[in-house]
Amino acid sequence: MYSAAVLLPLLGFAIAGLAMASSLPHATKERVAQYATTGCVMLAALFSLVIFHQVGVQGQTRTVELFTWIESGAFVANWALKFDALSATMLCVVTIVSSMVHLYSIGYMAEDKSIPRFMAYLSLFTFFMLMLVTADNFIQMFFGWEGVGLASYLLIGFWFEKDSANEASIKAFLVNRVGDFGFALGIFACFLLFGSVQFDQIFAAAPQFTEAKLEFLGKEFHALTLICLLLFVGACGKSAQLFLHTWLPDAMEGPTPVSALIHAATMVTAGVFMVCRLSPLFEYAPTALMVVTIVGASTALFAASVGLVQNDIKRVIAYSTCSQLGYMFFAAGVSAYSAAMFHLTTHAFFKALLFLSAGSVIHALHHEQDMRKMGGQVWTKIRVTYAMMWIGSLALAGMGIPGLNIGFAGFYSKDVIMEAAYGVHTAAGQYAFWLGLAAATMTAFYSWRLLFMSFHKAPDTDHHAVDHAHESPMVMLIPLFVLAFGALFSGMGLYYFFVGEGREAFWGTAIFTLHDGIEAAHHAPHWIPPLLIAVGLTGIGIAYGLYIRNPSKPKQIAKDFKGLYEFLLNKWYFDELYNALFVRPSFVIGRFLWKRGDGTVIDGMGPDAIAAGTLVVAKRAGKLQTGYVYHYAFAMLIGIVVLATWYILRTGR
């Protein structure tokens with residue numbers, strides 16, 4: 001069962017791939033691919049729930065050794081599946097969300113011409129993600145890490161006929177290569193310091209290397225700090241943190257189920273999982289933890305501010321994902337790893353719900369994604385989708401009743417993160433708290449801005465899609481119901497185990513802390529939860545005032561604060577900055593090497609020169625072939641004279 005939970009998606013991928021390559025009728029290929037992949041992932045989800053109960057609740061941790069993968073001298077990497085509370089949690093998150101995305105895709109992609117390929121890619125991605133979260137060593141984790149990068153490239157660029165999809169997939173791949181380079185350097189440094197890539201061996205030896213030094217770029221650094229910072233660079237790339245975030249919004253070029261699977265619940269949370277998995281290293285590197293806190297808090301504010309003005313419904317939710325990942329990282333940065341995992345889990349449900357609900361809206365409006373062309377009381381035609389969007393938005397905004405301790409999933413997980421940031425009483429923690437508070441206000445605003453623009457506000461232009469809107473089929477609505485259940489109750493149901501009194505028994509040795517951020521959260525001031533609700537209601541109220549009560553006001557504000565509006569609309573000009581610093585110079589260098597280096601030097605002095613010289617010699621030699629007998633006789637006579645002269649000179653006769 002343990003191995004099957006990981007390997008079943010690979011089986012689904014193989015069946016879909018074989019069906020795609022077979023000579024079966026096209027409709028049969030589609031059905032085989034849909035049923036095989038969805039069935040395998042659903043069965044994996046069922047096994048994952050059993051594993052979660054056995055490993056997490058009952059504490060029956062285990063490692064399943066499959067075989068020795070690499071053995072070279074002291075370097076040994078086994079292919080093994082590690083099952084503890086961390087991996088069991090991620091197993092449930094990945095397989096449950098993935099199974100719902102697979103089921104949803106049967107309806108959403110029904111008219112696509114490449115259904116088997118799409119379903120195969122989804123299952124391949126799921127397999128790689130499961131390999132990542134169950135790895136018991138760095139090499140196996142890196143295998144899954146790179147695998148999800150490959151699968152995301154294939155899924156983002158699934159509609160390769162569109163130039164924008166190709167560009168987005170290449171951008172995601174390249175930006176992640178930057179982060180993965182740092183991740184690889186961190187793995188090399190770990191092996192150099194510890195002589196092993198096995199997590200258990202590294203974690204056991206970590207306390208002995210608290211004062212160790214490593215030389216890097218000609219300078220000496222604190223070894224564990226250097227290793228953790230390099231590994232965090234990888235986390236920033238995969239989880240779209242500030243400076244390596246630019247690929248995430250463009251990744252919305254893929255089909256909506258891809259957005260829900262990759263960029264809401266699984267791949268982008270790999271960095272958060274990695275930091276939590278490596279807590280025994282990060283705890284001995286306080287400087288690295290401070291960097292994690294600052295970067296996470298800055299990302300939360302940055303992404304929330306950009307989400308305020310975006311008009312593409314999927315991009316708003318994408319920037320929301322980026323912002324919520326910032327919360328998870330600064331939770332880990334203040335040693336509240338279990339709070340980070342708690343928010344990762346609840347966020348998986350309500351963010352996947354929001355993405356799939358947005359997909360339902362797009363499907364209802366005949367693939368319209370611009371919120372300015374939506375509205376017009378369309379909610380009356382897609383009431384179920386509208387209700388699901390409300391549930392997801394309330395969970396994202398963390399709405400609840402603090403005194404009664406009743407609320408949506410985000411109410412529980414976001415509160416404990418904010419309380420931990422405030423309760424640790426560090427400068428980085430205070431920075432994270434106040435930026436997180438500002439981001440929470442913005443989150444509530446852009447969530448209800450999305451709701452009001454998509455379902456209520458009169459469209460800026462006449463658009464026939466609103467008049468012909470229709471509710472999605474049941475195969476797309478069932479996944480929404482399942483995810484809505486998670487958005488409603490996962491916070492309440494998991495609080496005790498993840499961050500409550502049962503957390504130590506639940507997490508066991510999966511998470512290590514020297515200074516428990518959760519304990520600090522439980523001693524934080526009681527005014528924090530009501531304050532979070534207050535700022536959330538403030539954001540909702542502002543959105544209502546601007547988009548329902550006075551819908552002409554947003555345009556006026558944008559006009560009055562044109563500079564700020566353009567700054568946010570253009571995403572702080574990160575793309576333009578990177579284009580100037582990296583893309584254009586790369587094109588200039590590439591063109592120079594192509595034209596001057598390859599064309600002029602290599603080809604000009606190599607193959608082209610030889611070919612040109614051969615042609616010249618051949619043409620000149622060809623002129624000797626005149627066709628006149630007396631020319632040939634004269635040539636023969638010259639030859640005889642030359643040979644006779646050479647013979648006389650050589651023999652002296």
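Treat the numbers as computed from the prediction; the structure is a model and nothing was measured.
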**Request:** Take Thr287 and His222 through the test side chain to side chain contact (heavy atoms under 4.5 Å, CB included) and record every step on the way to the result.
**Result:** CA-CA 10 Å; Thr287 302; His222 180 252; over 6 Å; no
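- For the side-chain contact (heavy atoms from CB on, under 4.5 Å) test, residues two or more places apart in sequence or in another chain that qualify with Leu49 are Cys92, Ile96.
- In this structure, the side chain of Thr299 engages the main chain of Leu242 through a donor-acceptor pair within 3.5 Å.
- Side chain of Gln241 to main chain of Ser239: a donor-acceptor pair is present (N/O by atom type, distance under 3.5 Å, no hydrogens or angles).
- Distance check, rounded to the nearest 0.5 Å: OG of Ser323 to CG of Leu435 gives 10.0 Å.
- Taking 4.0 Å as the cut-off between side-chain N and carboxylate O, Arg62 and Asp84 do not count as a salt-bridged pair.
- Rounded to the nearest 0.5 angstrom, Leu226 CG and Lys219 NZ are separated by 13.0 Å.
- No donor-acceptor pair under 3.5 Å is formed between the side chain of His343 and the backbone N or O of Val416.
- Looking only at distances, a side-chain donor or acceptor of Tyr578 sits under 3.5 Å from a matching main-chain atom of Phe243.
- Side-chain contact between Thr89 and Phe497 is absent, with no heavy atoms from C-beta onward closer than 4.5 Å.
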**Request:** Would you check, one step at a time, whether the test side chain to side chain contact (heavy atoms under 4.5 Å, CB included) holds for Asp250 with Glu167?
**Result:** CA-CA 9 Å; Asp250 289 354; Glu167 292 167 0; over 6 Å; no
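- Every pair passing salt bridge (Lys or Arg N to Asp or Glu O under 4.0 Å) that includes a residue from residues 137-152 is listed here, sequence neighbours excluded: Glu146-Arg177.
- Between His245 and Phe302, the ring centre distance stays below 6.0 Å.
- Ring to ring, Phe142 and Phe138 are not that close: their centroids are 6.0 angstrom or more apart.
- Under the 3.5 Å distance criterion, with hydrogens and angles disregarded, no donor-acceptor pair is assigned to the side chains of Tyr412 and Thr346.
- Residues Thr246 and Lys171 have side chains that never bring a donor and an acceptor to within less than 3.5 angstrom of each other.
- Between the Lys238 side chain and the Trp145 main chain, a donor and an acceptor come within less than 3.5 Å of each other.
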**Item:** side chain to side chain contact (heavy atoms under 4.5 Å, CB included) evaluation trace for Asp516 with Arg503
**Value:** CA-CA 11 Å; Asp516 190 1; Arg503 68 183 185 279; 3.3 Å; yes
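- Residues passing the side-chain contact (heavy atoms from CB on, under 4.5 Å) test with Leu488 are Ile391, Phe408, sequence neighbours excluded.
- Considering all non-hydrogen atoms of both residues, Ser335 and Leu289 come closest at OG-CD1, 3.8 Å.
- Around atom CZ of Phe188, no more than 12 heavy atoms belonging to other residues, nucleotides or ligands sit under 6.0 Å away.
- Separation of atoms CD1 (Ile317) and CG (Leu356) is listed at 9.5 Å; rounding is to 0.5 Å.
- What you find for Ala120 and Thr37 is that their closest heavy atoms are N-CG2, 4.5 Å.
- Enclosure of atom CD in Gln60 by more than 12 non-hydrogen atoms of other residues, nucleotides or ligands within 6.0 angstrom is indicated.
- At a threshold of 4.5 Å between non-hydrogen side-chain atoms, the residues Leu103 and Met42 count as touching.
- Screening Asp200, Thr61, Thr134, Thr63 for a side chain to side chain donor-acceptor pair (under 3.5 Å) involving Lys82 leaves a single residue, Asp200.
- The minimum heavy-atom distance between Ala235 and Val275, with the atom names listed, is CB-CG2, 4.3 Å.
- A donor-acceptor pair under 3.5 Å is formed between the side chain of Glu283 and the backbone N or O of Leu514.
- A ring-centre distance under 6.0 Å is found for Trp507 and Phe498.
- The aromatic rings of Phe203 and Phe199 sit parallel, their planes meeting at an angle under 30°, below the 60° perpendicular limit.
- With a 4.5 Å cut-off on side-chain heavy atoms, Leu91 and Leu130 count as touching.
- Residues Phe181 and Val233 are not in side-chain contact: their nearest non-hydrogen atoms beyond the backbone lie 4.5 Å or more apart.
- Between Phe83 and Tyr2, the ring planes lie perpendicular to each other; the angle is over 60°, past the 30° to 60° tilted range.
- When atom types are taken as modelled, the side chain of Lys414 and the backbone of Gly398 share no donor-acceptor pair closer than 3.5 angstrom.
- A parallel orientation is assigned to the rings of Tyr104 and Tyr108, their planes being inclined by less than 30° (bins at 30° and 60°).
- Remark: aromatic rings of Phe52 and Phe506 are close, center separation under 6.0 Å.
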**Request:** Applying side chain to side chain contact (heavy atoms under 4.5 Å, CB included), run through Ile187 and Phe183 and close with a yes or a no.
**Result:** CA-CA 6 Å; Ile187 295 174; Phe183 189 32; 4.2 Å; yes
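- When atom types are taken as modelled, the side chain of Tyr327 and the backbone of Gly436 share a donor-acceptor pair closer than 3.5 angstrom.
- Between the side chain of Thr269 and the main chain of Val272, no donor-acceptor pair closer than 3.5 Å is present.
- Of all the heavy atoms in Pro255 and Leu155, the pair that sits closest is CD-O, 3.7 Å.
- A distance of 9.5 Å separates CD of Glu253 from OG of Ser169, quoted to the nearest 0.5 Å.
- In this structure, Ser279 contributes its side chain and Phe512 its backbone to a donor-acceptor pair below 3.5 Å.
- A ring-centre distance under 6.0 Å is found for Phe329 and Phe232.
- Listed here is the closest heavy atom pair of Asp136 and Gln198: OD2-NE2, 3.2 Å.
- Across all non-hydrogen atoms, the minimal contact from Ile227 to Cys190 is CG2-SG, 3.5 Å.
- No donor-acceptor contact under 3.5 angstrom links the side chains of Thr38 and His102, judged on distance only.
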